[in-house]
Amino acid sequence: WVEFKRVGEAPTTAQARLFASTLRYTVFWGANAVGKSVALAEVTRRGLMGALPGMSPGPHTVILAGRTWVQLGSTLKYLWETVPAGTFRDIVRYEAGGLKGQRLQVFDVVGGPGKGGELRTGTFRAENLAGPRADVVVSDEPLPEAIHNELWPRLLGRRGRMYVAFTPTLGMAEDLGYLWELVDDPKRPWAGEISVPL
């Protein structure tokens, strides 16, 4: 598997901090266009192959979620640019903002170090996000609290981790109380944040 690359670029300092995070719960937030979606794609790829700090070899289940398919499409495009051919079934392809080639958005990893794992993608209301245990949850935008409370316990049995990235807006302030409570609580040293200023 190729290491992180995006048109020949090295990761930014903030992205490198995210890739090296040993936290079980990492919030990656900051201004628009600072590389959050690229970083989430790389975290997803590393999660699939068991290459995040402290992860054992695969197979692993990674859930990649977003508020809308349009939003999630950017992260999926970046992911598709870095996974080698043969990672997923031959019929799977990136097209029109998403992964295509099968009915459900649950993709078996059929080659490489992550062979036997699966990538589940969906919006916050997608049925395929409910139910499975996971090793890594990656969220492009903060999860609604109810979805967060559904997914977080699914990580615990596997000592999994969650990554949440977003650009804050004033309309989010009330909705993220649960998230800041986790990050700011000194009794929860396994949760933290990486902030990327403009």
Side-chain angles (χ1 to χ4, degrees), residues 1-19 21 26-49 51-52 60-85 87-89 91-102 104-107 109 114 117-129 134 136-144 147-148 151 161-172 175-176 179 193-198:
W1 287 52
V2 295
E3 281 305 311
F4 175 81
K5 68 174 185 166
R6 170 82 177 114
V7 195
E9 298 173 2
T12 66
T13 301
Q15 288 171 334
R17 285 181 57 208
L18 180 69
F19 305 153
S21 175
T26 305
V27 176
F28 187 59
W29 64 281
N32 281 321
V34 295
K36 294 182 303 295
S37 294
V38 170
L40 289 183
E42 179 64 7
V43 165
T44 301
R45 186 186 73 83
R46 290 183 186 202
L48 286 170
M49 61 185 273
L52 292 168
H60 297 288
T61 297
V62 177
I63 295 174
L64 175 59
R67 184 174 306 281
T68 66
W69 281 110
V70 171
Q71 214 165 30
L72 196 52
S74 296
T75 305
L76 287 168
K77 182 173 191 265
Y78 297 136
L79 174 65
W80 197 253
E81 291 174 355
T82 60
V83 295
T87 300
F88 300 107
R89 289 190 167 93
I91 60 170
V92 177
R93 65 200 179 280
Y94 175 82
E95 181 181 289
L99 298 185
K100 309 290 185 193
Q102 58 187 51
L104 293 177
Q105 291 291 302
V106 179
F107 304 95
V109 179
E118 79 180 10
L119 171 65
R120 291 176 167 258
T121 65
T123 59
F124 296 155
R125 294 179 186 250
E127 290 179 9
N128 61 311
L129 298 186
V136 179
V137 170
V138 179
S139 182
D140 194 345
E141 291 297 315
L143 295 160
I147 304 294
H148 171 272
L151 291 177
R161 56 186 70 190
M162 186 177 284
Y163 298 86
V164 178
F166 65 98
T167 297
T169 64
L170 290 176
M172 288 183 169
D175 299 335
L176 300 184
L179 185 144
E193 64 181 310
I194 298 169
S195 178
V196 189
L198 181 63

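Keep in mind that this is a model prediction, so the values were computed, not measured. Note that the numbering runs from 1 along the sequence shown for the chain. Heavy-atom basis, side chains included; hydrogens, waters and symmetry copies ignored.
- Counting heavy atoms from C-beta on, the side chains of F166 and L176 come closer than 4.5 Å.
- Between G35 and F28, the shortest heavy-atom distance links the atoms O-CE2, 4.4 Å.
- Separating the NZ atom in K36 from the CH2 atom in W29 is a distance of 10.5 Å, to the nearest 0.5 Å.
- Minimum heavy-atom separation, T75 to A41: O-CB, 3.5 Å.
- Between D140 and S37 the shortest heavy-atom distance is OD2-OG, 3.5 Å.
- Residues L79 and L119 meet the side-chain proximity criterion, which asks for heavy atoms closer than 4.5 Å.
- Separating the OG1 atom in T123 from the CH2 atom in W69 is a distance of 6.5 Å, to the nearest 0.5 Å.
- Here the closest non-hydrogen pair linking A14 and V196 is CB-CG2, 3.6 Å.
- Checked by atom type and distance alone, the side chain of R46 never pairs as donor or acceptor with a backbone atom of T44 at under 3.5 Å.
- When every heavy atom of P144 is checked against every heavy atom of F124, the shortest pair comes out as CD-CD1, 3.3 Å.
- In terms of heavy atoms, G30 sits closest to P168 at O-CD, 3.6 Å.
- Contact annotation: the side chain of L40 never approaches that of Y78 to less than 4.5 Å [non-hydrogen atoms, C-beta and beyond].
- In this structure, the side chains of W80 and T87 stay at 4.5 Å or more apart for every pair of heavy atoms.
- Note that CG of L76 is 9.5 Å distant from NZ of K100, once rounded to the nearest 0.5 Å.
- A distance-only check finds no donor-acceptor pair linking the side chain of E42 to the backbone of F19 [under 3.5 Å].
- For the pair L18/T26, a side-chain contact is recorded, criterion being any heavy-atom separation below 4.5 Å from C-beta on.
- From S139, atom OG reaches atom NE2 of H148 across 9.5 Å, with rounding to the nearest 0.5 Å.
- In this structure, F107 and F88 have perpendicular ring planes: the angle between them is above 60°, well past the 30° mark.
- The CG atom of L48 sits 10.0 Å away from atom CD of E118, with the distance rounded to the nearest 0.5 Å.
- Distance check: L64 CG to R45 CZ gives 14.0 Å after rounding to the nearest 0.5 Å.
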